[in-house]
Number of protein chains: 2
Amino acid sequence: MADIRDVAQRAGCSIATVSRALNSPHLVRPETLARVQAAALELKFRPNALGRQLRGERTGLIGVMLPTLGNPVFADCLEGIEAAIEGTGRRLLLVTTQYDPERERNAIETLLQQRVDGLLLTLADAEHSALVDDLDAEGVPCQLVYNDAPQRPCVSVDNRAAAAQGVAMLIEAGHRDIVMVTGALHASDRAKRRYLGYGDAMQAAGLTPLPAFEIDFNSGARGERVREWLARRERDGVRPTALFCSNDLLALGVMRALREAGLRVPDDMSVLGFDGLAVGELLSPTLATVVQPSVEIGRHAAQRLLAQIDGRSDGRPSADASVPHDASLAHALILPHEIRRGGTVAAPPHKSHAPGSPDAEPGASPVSK
Amino acid sequence: MADIRDVAQRAGCSIATVSRALNSPHLVRPETLARVQAAALELKFRPNALGRQLRGERTGLIGVMLPTLGNPVFADCLEGIEAAIEGTGRRLLLVTTQYDPERERNAIETLLQQRVDGLLLTLADAEHSALVDDLDAEGVPCQLVYNDAPQRPCVSVDNRAAAAQGVAMLIEAGHRDIVMVTGALHASDRAKRRYLGYGDAMQAAGLTPLPAFEIDFNSGARGERVREWLARRERDGVRPTALFCSNDLLALGVMRALREAGLRVPDDMSVLGFDGLAVGELLSPTLATVVQPSVEIGRHAAQRLLAQIDGRSDGRPSADASVPHDASLAHALILPHEIRRGGTVAAPPHKSHAPGSPDAEPGASPVSK
DNA sequence: TTGAAAGCGCTAACAA
DNA sequence: TTGTTAGCGCTTTCAA
């Protein structure tokens, strides 16, 4: 593989001139420039980015760490990131962590060793993660994605408020027995905040928040577990009429389980998701959900990161320059969410639950409180 | 940021010893090793991968180029790739092209400049792309993903056979008027092959293949176009009873359009997809589709690429060594597809349109041949 | 407008 | 077992 020296020789000039011809053509006499370009072409010269990166202060590499791409919400976000860096000559170094905190740590270290100019991260739990503090202390440009931690540089929706609003819609539709279904709660700070929002909405309506129904995402026995859980609740006489799922993918899984259990959505059970996956709108009935602008989240995060990177005088992380160029980049950017009404939410089944009236109405769920 | 020299100084040894301590600890006296490690820790030394990569013959970087992540089929594949490199100490450099041939060319060049050890690519059109030949000529390890070009190093399903089998299922269900719906046909060699497969199945059943209905993926007016097209066909008296969509995403879009047009699936129209997206199974009715093992495609492609890379004596692309270590890596790996029967396919509606035979046989499709 | 030369941080001979 | 040293391919002063 031809290197800059070969080109120089062929063009009859020094390597410095070749470098200039490539990077600052205006500094080179047109004649020389032409000779260099011709030589480069003939030799199929492909500049080695490593050399430049080692020398320079920037690599043009952006590190992206996401939990998984199996959930379109992250893939969408990545599309937004890609869109934002498109044309900037930057490249993406991608790692997924499967929500594993240890992999998070390793992945970040790896990215840093490659000398990425900045990081775009979705952490399992941003607020309690020392990682971000470390990065901050080291002066590594970094934006969190989806994590909403008010004091951190991040781009997200207000998960708590958004969830509350979604649940409020369920309540408005007449539901009182609403249960939140989540993947492993501990795995995601988003889910936790959404659960708080669920609680807010319930209490605001004078209802008692119920414990979340945690269901392992990765277990194949999802349908079974849901059915089993429903049966148990049925026995206890407290079958909910609506389920608020902590994300759309989970909602889809739950809906299938319900179907397998012989329950119709929304006739027997309403379902509300969170994320706003595009496929939700293609379903029938369409999935009611709390929409977060995933692509925009990715795009904004990337834009902020780029601003942060460009804001530094030198490209290298500087431990002392703890003040970003624009201080607002150091704090959360909360994008607007949206409630998407959909066919999966309807009024609860006929027999309504007058509080305090314990009459056993056939086919109806008794009331809580 | 501390470099290897700083560590050496602090540990009271030479940089060579530090390097050894890090990369070949067994070559270093335990005492020294400990000192180095301590020094590295105290200085928060983070080895600069660029230095190593510039020096060495491998970067550990794998270039991945996909059309988009908006289609889960590619995100799934990427998950497979990730899974395959997990634990190998390799990293992924990711680029998406939005099916744009020019971006393909640029992206590859960019990846090559970063000195990736190999490439994993999905091209718009693999068979007629000079790109792969160039790469091959340059000796860059490379595997195509999804593209099925028998003579090329790639991992895919047999799109033609798979499509034929899917369409055969439709025919078996009683359909005769089957139209294939595709995104821009020219944009994807997969779609072309699937159309061939459609033709195969139709002819094998003595039916006349119809022109494909091409519909722009990115146009927002999808629903409208589908309705309009249906209306036209209706006027012509040749309304199809089944649609074979060139991919699942398209199938979902089409189904929505049908719904908006007041047609029920599968009662009024059967729909068959291609890809086997997980969400298809979560729908109701579940999406009938030709399943390709996306994650496995990604995983195998990555594994083959790694084998190819490791097979080379030197890590650098060598123009002459056109023969891979294992010659089979130079040819297609065709993974098995699968027909997923689903609720979107049923027998055609009662009034069938027998070509030439105007008698309306209730409830039965005329027989071919 | 061009060239010579000094590294960027690291690895790997080769010597000691 | 350790150190010295020569680069990997490039950019960028500094001089000419």
If we ignore hydrogens and angles and just use 3.5 Å, is the side chain of Asn147(B) paired with the main-chain N or O of Leu123(B) as donor and acceptor? yes

For the pair Val64(B) and Leu94(A), evaluate side chain to side chain contact (heavy atoms under 4.5 Å, CB included) and give the outcome as yes or no after the intermediate values. CA-CA 10 Å; Val64(B) 178; Leu94(A) 174 75; over 6 Å; no

Write down the distance between CZ (Arg35(A)) and C1' (dT2(C)), rounded to a whole number of angstrom. 11 Å

For atom CZ of Arg115(B) and atom P of dG9(D), their distance in whole Å: 8 Å

Taking only side-chain N and O atoms of Arg52(A), does any of them lie within less than 4.0 angstrom of OP1 or OP2 on dG9(D)? no

Interface polar pairs with nucleotides 12-16 of chain C, N/O, under 3.5 angstrom:
| residue | atom | partner | partner atom | Å |
| --- | --- | --- | --- | --- |
| dA12(C) | O4' | Arg55(B) | NH1 | 3.3 |

Tell me, with the steps shown, if Gln113(A) and Asn48(B) meet side chain to side chain contact (heavy atoms under 4.5 Å, CB included). CA-CA 5 Å; Gln113(A) 291 190 4; Asn48(B) 185 330; over 6 Å; no

Hey, mind stepping through Gln143(A) and Gln303(A) against side chain to side chain contact (heavy atoms under 4.5 Å, CB included) and telling me if it holds? CA-CA 10 Å; Gln143(A) 291 282 329; Gln303(A) 278 167 349; over 6 Å; no

Which ones in residues 88-95 of chain B lie close to DNA chain D, meaning a heavy atom under 4.0 Å from one of its atoms? none

Which nucleotide in the list dT1(D), dC10(C), dC8(C) gets nearest to the side chain of Leu54(A)? dC8(C)

Whole-Å distance between dG7(C) P and Asn48(B) CG? 18 Å

Show your reasoning for whether salt bridge (Lys or Arg N to Asp or Glu O under 4.0 Å) applies to Lys44(A) and Glu138(B). CA-CA 10 Å; Lys44(A) 300 197 185 197; Glu138(B) 295 194 51; 5.8 Å; no

The side chain to side chain contact (heavy atoms under 4.5 Å, CB included) partners of Glu102(A) (sequence neighbours excluded) come to Asp100(A), Asn106(A)

So does Arg115(B) get a backbone contact from the side chain of Thr59(B), meaning a donor-acceptor N/O pair under 3.5 Å? yes

Between CG of Asp3(B) and P of dG7(C) the distance, given in whole Å, is 13 Å

Considering only side-chain heavy atoms of Arg29(A), which listed nucleotide, dC10(C), dT2(D), dT1(C), is closest? dT1(C)

Round to a whole Å and report the spacing from CD of Gln114(B) to P of dC8(D). 19 Å

Should Thr17(A) be listed as having a side-chain N or O under 4.0 Å from OP1 or OP2 of dG3(C)? yes

Measure from the side-chain heavy atoms of Cys13(B) and tell me the nearest of dG3(D), dC10(D), dT2(D). dG3(D)

Quick one: Leu22(A) CG to dT12(D) P, roughly how many Å, whole number? 12 Å

Expressed as a whole number of angstroms, how long is the span from Arg5(B):CZ to dC10(C):P? 8 Å

Could you check whether any side-chain N or O of Asp3(A) sits under 3.5 Å from a backbone N or O of Asp6(A), counting only pairs where one atom can act as donor and the other as acceptor? yes

Sorted by position of nearest nucleotide on DNA chain D, 5' first, the leading residue of Val18(B) and Gly51(B) is Val18(B)

Just how far, in rounded Å, is P of dC8(C) from CD of Gln113(A)? 20 Å

Can we say Arg152(B) and Asp133(B) salt-bridge, meaning some charged N sits less than 4.0 Å from an Asp/Glu carboxylate O? yes

